[in-house]
There are 2 protein chains.
Amino acid sequence: MADPNTRDKILDVGEVLFARRGFAGVGMREVADRVGLGKSSLFHHFRSKVQLYLAVLERVLARIQERVAPALKDTGDPCERLDRYLDAFIDALAEHPTTARLLLRGIFEDDDFDAGTFPEHHVEHRLEVILSDARRLIEAGVEAGAFRDVSPPHMMQTLIGATVYHFASGEFGEGLLGRPLLSAEAVARRKDELKALLHNGLWVKAQ
Amino acid sequence: MADPNTRDKILDVGEVLFARRGFAGVGMREVADRVGLGKSSLFHHFRSKVQLYLAVLERVLARIQERVAPALKDTGDPCERLDRYLDAFIDALAEHPTTARLLLRGIFEDDDFDAGTFPEHHVEHRLEVILSDARRLIEAGVEAGAFRDVSPPHMMQTLIGATVYHFASGEFGEGLLGRPLLSAEAVARRKDELKALLHNGLWVKAQ
DNA sequence: GTCTATAGCTAGATAGAC
DNA sequence: GTCTATCTAGCTATAGAC
């Protein structure tokens, strides 16, 4: 097998570049230059550009799974459990500035090189696990009567937008907020705003 | 000037392809083939690939502005006005399957070919108008006491996620929902789910 | 306004020396 | 495991005939 240190360096560089410009926007030459290798040497570590991209995606998903796993323990009412899960998920997204963007790209960029063409990777599977964990939390809350009778898939989409999109929005989001997206304060604020919306909605109710 | 019909055909094709694979993922050759022209002929209508991309983006933003303009009239309380605006905005996103995806790409793909390099286009300006209209609706509602004391930028991010991301999510979103994203029923359902969240939150309150 | 031809470059990927 | 050299194919863009 290849030198693990070199392999990890390539993954690190690929992660930054793919997050910034997507699969098609990145060339192996640029990756090689940043790692400090000749372009050909990359193909010793990864058979093709697609394999490198999938390896980057899979490492990101694995990191997310690690972070949210402790939040999945079976204690507390549905509200506490969803709160805990969202906190952990947001922490995972905020850990590296590349995470949310790669996740968002992975979600809507794989319509291209058709899913299932590279079955040796577990990208699809890992994504499904993460999604079904979240979905079960919502369904359990609805069934228990702790949540309104929302459509779980629609609530999933809303939560993905409120978390993944938010932390993927980069310069645009920072322009809107007028401050960094990933500072400890900004991350804490995002958690609070999201949870307040879930608790109270936006409207002020007539008393 | 060029034949407007041909120009529009090029924009139509570019819109579909750029929405699907982004700026870097599309070649002028593929655009030309789908239009039924030689590749060189494209450069008679658009000076460069970037100019074509910006023209596509600008047309999309203009279409959105047209759709939401009637919803901006100064009648009703803040709740009614935001409801009306969100309905119109969602209708604009649902009008073409390409709209939301191009908008989302435009939001976080212009970190690359740096903004302001092509000042003759109004993409940036149109986006700012759309955003500041929405933001004013939120700020007015907070000031009037009709909305909770949310952070308007955070609420903007949540609403962008709930609308633009949702309709941009393509096959992924359809897999999650188990049905098309853009059918009349699905669009109406999305409006209802979003407005119910703004009205009531997710939690069922203790009475 | 569309075409052919081509310039000039970069892409992903391979072969084989060291 | 990294290198140089090279292959084939693609790219954006231009020149100039029709």
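None of the values given here were measured: they were computed from a predicted structure. Below, read A as the first sequence line, B as the second, and so on, with proteins coming before strands; counting in each chain starts at 1.
With rounding to whole Å, A/Phe18 atom CZ is found 12 Å from C/dG12 atom C1'. Between the P atom of C/dC18 and the NE2 atom of A/His44 lies a distance of 19 Å, rounded to the nearest Å. Here the P atom of nucleotide C/dC9 and the NZ atom of B/Lys49 are 19 Å apart, to the nearest Å. Spacing between atom OH of B/Tyr53 and atom C1' of D/dT12 amounts to 17 Å, rounded to whole angstrom units. Spacing between atom CD1 of A/Ile10 and atom P of D/dG1 amounts to 11 Å, rounded to whole angstrom units. Rounded to whole Å, atom C1' of C/dC3 lies 15 Å from atom CZ of B/Phe43. For the pair B/Leu42 CG and C/dT2 P, the interatomic distance rounds to 9 Å; values are reported in whole Å. Summarising the geometry, the separation between CG on A/Leu37 and C1' on D/dG1 is reported as 9 Å, rounded to the nearest angstrom.
Residues meeting the side chain to side chain donor-acceptor pair (under 3.5 Å) test with A/Glu80, sequence neighbours left out: none. Qualifying side chain to side chain contact (heavy atoms under 4.5 Å, CB included) partners for A/Glu128, counting only residues two or more places apart in sequence or in other chains: A/Glu124. Evaluation of the side chain to side chain donor-acceptor pair (under 3.5 Å) rule for B/Asp192 yields no partner, not counting sequence neighbours. Residues satisfying the side chain to side chain contact (heavy atoms under 4.5 Å, CB included) test with B/Arg136, not counting sequence neighbours, are B/Ser132, B/Asp133, B/Glu139. Checked against side chain to side chain contact (heavy atoms under 4.5 Å, CB included), A/Val35 has the following partners two or more places apart in sequence or in another chain: A/Lys9, A/Ile10, A/Val13, A/Val31, A/Leu37. Scanning for ring-ring contact (aromatic ring centres under 6.0 Å, His included) contacts around A/His125 gives an empty result, with sequence neighbours left out. Taking the side chain to side chain donor-acceptor pair (under 3.5 Å) definition, one finds that B/Ser151 meets it with nothing, sequence neighbours left out. Take A/Arg34 and apply the side chain to side chain donor-acceptor pair (under 3.5 Å) test, not counting sequence neighbours, and it matches no residue.
Residue A/His45 places at least one side-chain N or O closer than 4.0 Å to OP1 or OP2 of D/dT2.
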Show me the donor-acceptor pairs within less than 3.5 Å that the side chains of residues 173-185 of chain B make with the rest of the protein, sequence neighbours left out.
| unit_1 | atom_1 | unit_2 | atom_2 | d |
| --- | --- | --- | --- | --- |
| B/Glu174 | OE2 | B/Leu181 | N | 3.0 |
| B/Ser183 | OG | B/Glu185 | OE1 | 3.4 |
| B/Ser183 | OG | B/Ala186 | N | 3.1 |

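Across its full length, the helix from C/dG1-D/dC18 to C/dC18-D/dG1 shows an angle of 0° between the axes of its 5 terminal pairs at either end, rounded to 10 degrees.
Contacts between residues 26-35 of chain A and DNA chain C, counted as heavy-atom distances below 4.0 Å, involve A/Val26, A/Gly27, A/Met28, A/Arg29.
Checking A/His154 against B/Arg189 by side-chain atom types alone, no donor-acceptor pair falls below 3.5 Å.
Residue B/Ser41 places its side chain closer to C/dC3 than to any other of D/dT2, D/dT14, C/dC3.
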Identify the pairs formed between an N or O of the protein and an N or O of nucleotides 5-7 of chain D at a distance under 3.5 Å, and give each distance.
| unit_1 | atom_1 | unit_2 | atom_2 | d |
| --- | --- | --- | --- | --- |
| D/dA5 | N6 | A/Ser40 | OG | 3.1 |

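A cation-pi arrangement is not found for A/Arg101 relative to A/Phe18, the charged atom failing to lie both closer than 6.0 Å to the ring centre and inside a 45° cone about the ring normal.
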